[in-house]
Amino acid sequence: MELYDTIGTPGLLNDSLGTMEAKPQGSASLAAIVSAFVPTWVTGLIFVAIFIVVRRWYPNIYSPRTFIGSIPEKDRTPSPGRSYFNWVHTMRKVPDKFVLYHQSLDTYLYLRFLRTIIFICFVGCCLTWPILMPVNATGGGSSTQLDKIGIGNVKDKDRFYVHAIIAWVFFSFVMFTVARERLWLIGLRQAWTLSKPVARRLSLRTVLFLSAPRDALEESNIHQFFGEGALRIWPVTEADDLEHLVSSRKSKVEFLEAVEMALIRKAYREGRKHAKSNQAQDEHLSYDILPDQVKKAIRPRHNPDKSPLKEKVDSIEWLRERIEKEAVKIEDMRRTYEASDTNGAAAVFVEYSTCAEAQQAIQQVVSSNPLALSPRYTNVSPQEVIWDNLAILPARRISEEGTALAIVIATIIFWSIPSGAIGLISNISYLAENFEWLSFLKNLPAPVIGLLSGLIPPLATSWLSTMVPSIFRYIFKTFGSPTNTAAELKVQRWYYIFQVTQVFLVTAVFSGAAAVSKELMDRVKDPTSVPELLARQLPKASNFYLTYFIIQGTTSAADNLLNYSDLLTYLFYDYFFDKTPRQKFTRYTSMKGIAWGKLFPKFANFAIIAIAYSCIAPLVLGFAAIGLSLYYFSYRYNLLFVIQPKIDTKGKAYTLALEHLLTGVYIAELSLLGLFSLRTATGPSVIMAILLVLTVLYNVLMNKYLSPLEQFLPADLISTSEGGGESTPLLSSAEEGRSQLTSHIQRLGQQAHLPRTFVDHVLEPIGRFFEPQVFASYQAMRSWLQDGGDFESEEDVPEYTEEQVQKAYLNPALTSPTPLIWLAKDPMGVSKNEIAENEQHGLKTSDQGAWLDEKGRVKWSVQDFGDVPIWKQGPRY
């Protein structure tokens, strides 16, 4: 009884209006759902309408991937124009595979994940709706409306055999789908990683070793510690003072740009006033025509010590001197920088001659010291490194990781307080009936009660849960994660736990407890009636999540399209705060990223809830499928037109998400086992117990045999790829692969002399799904990658100069030059004066690609990034 009460009681909305209006149990469920559906659907339509209108006005917000100069032309999404609905044509014509070729592996896998869980929900509907809904509806119970098609309406215990058999079929299908996707991903990652554009990247043959001893940082010891295949090392030791100084220099450069631009704008305004008073023409404006007292008055001044007792200084002169002094100090510190006695508080990047050598290095035991040269990471791009977290003592790293986990776990536990309060709100009708101090709620109109119980709790749950990933990400980045990718994967693992416990189970327990606990106490004297109570009440718990899926699938998906927060933020900062060309450029070109650690757990939890209720309340599957489909559409648009991913987990996030789906199977099996046991249905209970044992066995074996292939590249494939890559181009091997891909099902169809069309269009898709060992192999995925795209063009194969390689994995504090000062050209010629004076202090300055318009507003060369002096396309490591 306790087990099922914990797992299977989410979001009771069973008596939202029924108690107040003396209607039968469950009669209010439809009213609550309609109350949630109408306003969210209207809101969603309004959002979409606004999006269609404003999309043309702000292309940098709604379609930057179609034109912006920071994206290479070959990687831009094709778009015929900027009409109101041209994007619909692009969405229809461009396949999901486009983002695989032109963005990242994770981008494509995220869309595939959404399609996979939609497919699971759809198949679940096909299995459960025509069988379980009629069985439940004619089960002999007293439930009405939507509750009548739930398992709570079944009185005859023999009917539970149907639920048990469907559970076997559907849960086996889910497990097979998860296994198939994991096998498919293994083949894809192998083919993707070993293709020339990826295999030639420096990061693929570079390994990051943390907790490096002092001797391992010496170039002379490279082969002793890292093997004969090691070519180069980049030691990383503590450089806090240098990093602080470089950061201070950068801030002062940006401050100098701001005050010089303030001077330029003030001079332009004063020049126009002077010309107007002397009836001169604007084209004859010059800084020299301004009186000396005006020139002095418009120069920016500030108090560097922020003390009212000290006089203000000329901001431009003061900043020039400080930047010049800091630049000299930085160079002195760089010349004297060397690896001192680190006591293990160091790290080292090691380049290997081949990918095979790097893979071998990451798996072998390098040192007898269990804390030395561990943990290790490969395929790490310099842009994703968190440099502050590399040079940390092993003991400190372990303590920080423990502290981070303790804080995260405490956050998950204590989040139950606001989540529980939300759950209680969903039972507002019951609370008003049974708690006198809340009796005033009885006088509220029925639609208001429906909104409070049906709309507010899911909205509040959704809003609260959006705050958690940012909190977790900050914790993991602060407490020792060496890369942004490692931190994001930790966020995904723990946010998944949060989603399942708080958004699903805890909200469920609190939501159900208020309505059920009093009746449980009333029936203590008659314990035999408790199972009947639970069997009648608990299936109604799904109503909360029906409204949750409605809100998420309509309002939230439409909000993804409208993206009003980014639009308002851009307009606000562009109008009020961004006054320099650099600020304008950065704001305009800063494309929206995507947080895999937030999104994968959120939609994995969608699927977990749907799977958990698949045999208890099959209607949830349909609502989940619709909500997920709307989300898929909105994210597909964003990934094609808007988003530029900042983090690439190389498919690891998808693997984690697939593993997380099995939580829904476990919860569903335990819930059904508890329900059958409470109803003393022995046969169905035995069937579910056997399925539970087999599920555990399946999970253990799958992880045992697939995890090594998901973490590492097989040596035989690497040697084949690196040994014969030049003589065996991908295209020829792809054609060979296509000719050999024939499933057992296809061969049976051919032997039965079935029509070729039927074999190709019916049996082949079935074979592709049910025979992953054929169609998800390395050879098959090489073929699949080549189909539909110019994947291995020579321009995609990276080439590095010696200077780029030498600086690749050095701390940016050791290599970054003084930033160029970018000013806007003005009619008065002030920018030219500032450039000349800055150059005298050794500060490179330019006014190319930016100017003041006739109203004194800063403009820059949006159409031609070649004119932007601070922009340069960097190498892809």
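Quick caveat, the model's predicted, so the values are computed rather than measured.
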Distance-only donor-acceptor check, side chains T193 and K650, under 3.5 Å: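 No pair is found: no donor N or O on one side chain lies under 3.5 Å from an acceptor on the other.
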Any side-chain donor near an acceptor of the partner, K602 and Y631, under 3.5 Å: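 A donor-acceptor contact under 3.5 Å links the two side chains.
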Shortest non-hydrogen contact from [X] to [Y]?
| X | Y | value |
| --- | --- | --- |
| A607 | L661 | CB-CD2, 3.5 Å |
| I608 | T663 | CD1-CB, 3.9 Å |
| S677 | L673 | OG-O, 2.7 Å |
| G651 | L109 | CA-CD1, 3.5 Å |
| P130 | P134 | O-CG, 3.4 Å |
| L630 | G553 | CD1-O, 2.7 Å |

Would a distance-only check, ignoring hydrogens and angles, find a side-chain to backbone donor-acceptor pair under 3.5 Å from [X] to [Y]?
| X | Y | value |
| --- | --- | --- |
| T485 | T649 | no |
| Q359 | L713 | yes |
| E401 | F479 | no |

Separation between [atom1] of [X] and [atom2] of [Y], rounded to the nearest 0.5 Å:
| X | Y | atom1 | atom2 | answer |
| --- | --- | --- | --- | --- |
| L100 | L111 | CG | CG | 10.5 Å |
| W494 | F472 | CH2 | CZ | 8.5 Å |
| R782 | L188 | CZ | CG | 12.5 Å |
| I667 | I609 | CD1 | CD1 | 9.0 Å |
| I151 | R679 | CD1 | CZ | 8.5 Å |
| C126 | I131 | SG | CD1 | 10.5 Å |

Candidate pair L628 and C121, rule side-chain contact (heavy atoms from CB on, under 4.5 Å), full reasoning: CA-CA 9 Å; L628 288 167; C121 292; 4.3 Å; yes
Worked check of side-chain contact (heavy atoms from CB on, under 4.5 Å) between R493 and L656: CA-CA 8 Å; R493 290 187 181 95; L656 275 178; 3.8 Å; yes
Residues E488 and K598 bridged, charged N to O under 4.0 Å: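 Salt bridge flag = no for K598 with E488.
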Contacts of K652 that satisfy salt bridge (Lys or Arg N to Asp or Glu O under 4.0 Å) - sequence neighbours left out: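 Partners of K652 by the salt bridge (Lys or Arg N to Asp or Glu O under 4.0 Å) criterion come out as none, since no residue qualifies.
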Any residue meeting salt bridge (Lys or Arg N to Asp or Glu O under 4.0 Å) with D96, in chain and number order, not counting sequence neighbours: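 Applying salt bridge (Lys or Arg N to Asp or Glu O under 4.0 Å) to D96 gives R115, R636.
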Check whether any side-chain heavy atom of [X] lies under 4.5 Å from a side-chain heavy atom of [Y], and answer yes or no.
| X | Y | result |
| --- | --- | --- |
| S481 | K490 | yes |
| N153 | I149 | no |
| R182 | E659 | yes |

Where at least one partner belongs to residues 689-699, residue pairs that pass side chain to side chain donor-acceptor pair (under 3.5 Å), sequence neighbours excluded: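 Side chain to side chain donor-acceptor pair (under 3.5 Å) check on residues 689-699 returns Y666-N699, E669-T695, N699-N703.
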Residue pairs passing the side chain to side chain donor-acceptor pair (under 3.5 Å) test where at least one lies in residues 125-141, sequence neighbours excluded: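 Counting only pairs at least two positions apart or across chains, the side chain to side chain donor-acceptor pair (under 3.5 Å) contacts touching residues 125-141 are N136-H163, T138-R159.
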Residues F122, L621; criterion side-chain contact (heavy atoms from CB on, under 4.5 Å); working and verdict: CA-CA 7 Å; F122 174 76; L621 285 167; over 6 Å; no
Candidate list L662, V665, T116, test side-chain contact (heavy atoms from CB on, under 4.5 Å), partner V178, passing option: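 Result: among L662, V665, T116, L662 is the only option passing the side-chain contact (heavy atoms from CB on, under 4.5 Å) with V178.
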E181: partners by side-chain hydrogen bond (donor to acceptor under 3.5 Å, both in side chains), with sequence neighbours left out: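 Expected list: R112, Y654.
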Worked check of side-chain contact (heavy atoms from CB on, under 4.5 Å) between V620 and F549: CA-CA 9 Å; V620 174; F549 288 142; 3.5 Å; yes
Positive for ring-ring contact (aromatic ring centres under 6.0 Å, His included) with F113, one of F603, Y635, F600, F606: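 Option passing the ring-ring contact (aromatic ring centres under 6.0 Å, His included) with F113: F600.
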W184 and W784 aromatic centres sub-6.0 Å: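 For W184 and W784, the ring centres are under 6.0 Å apart.
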Proximity of Y496 and W596 rings by center, below 6.0 Å: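 Ring centres of W596 and Y496 not closer than 6.0 Å.
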Show which side-chain atoms of residues 165-177 pair as donor or acceptor with protein atoms under 3.5 Å away, not counting sequence neighbours.
{"from": "W168", "atom 1": "NE1", "to": "I687", "atom 2": "O", "distance (Å)": "3.0"}
{"from": "S172", "atom 1": "OG", "to": "W168", "atom 2": "O", "distance (Å)": "2.6"}
{"from": "T177", "atom 1": "OG1", "to": "F173", "atom 2": "O", "distance (Å)": "2.8"}

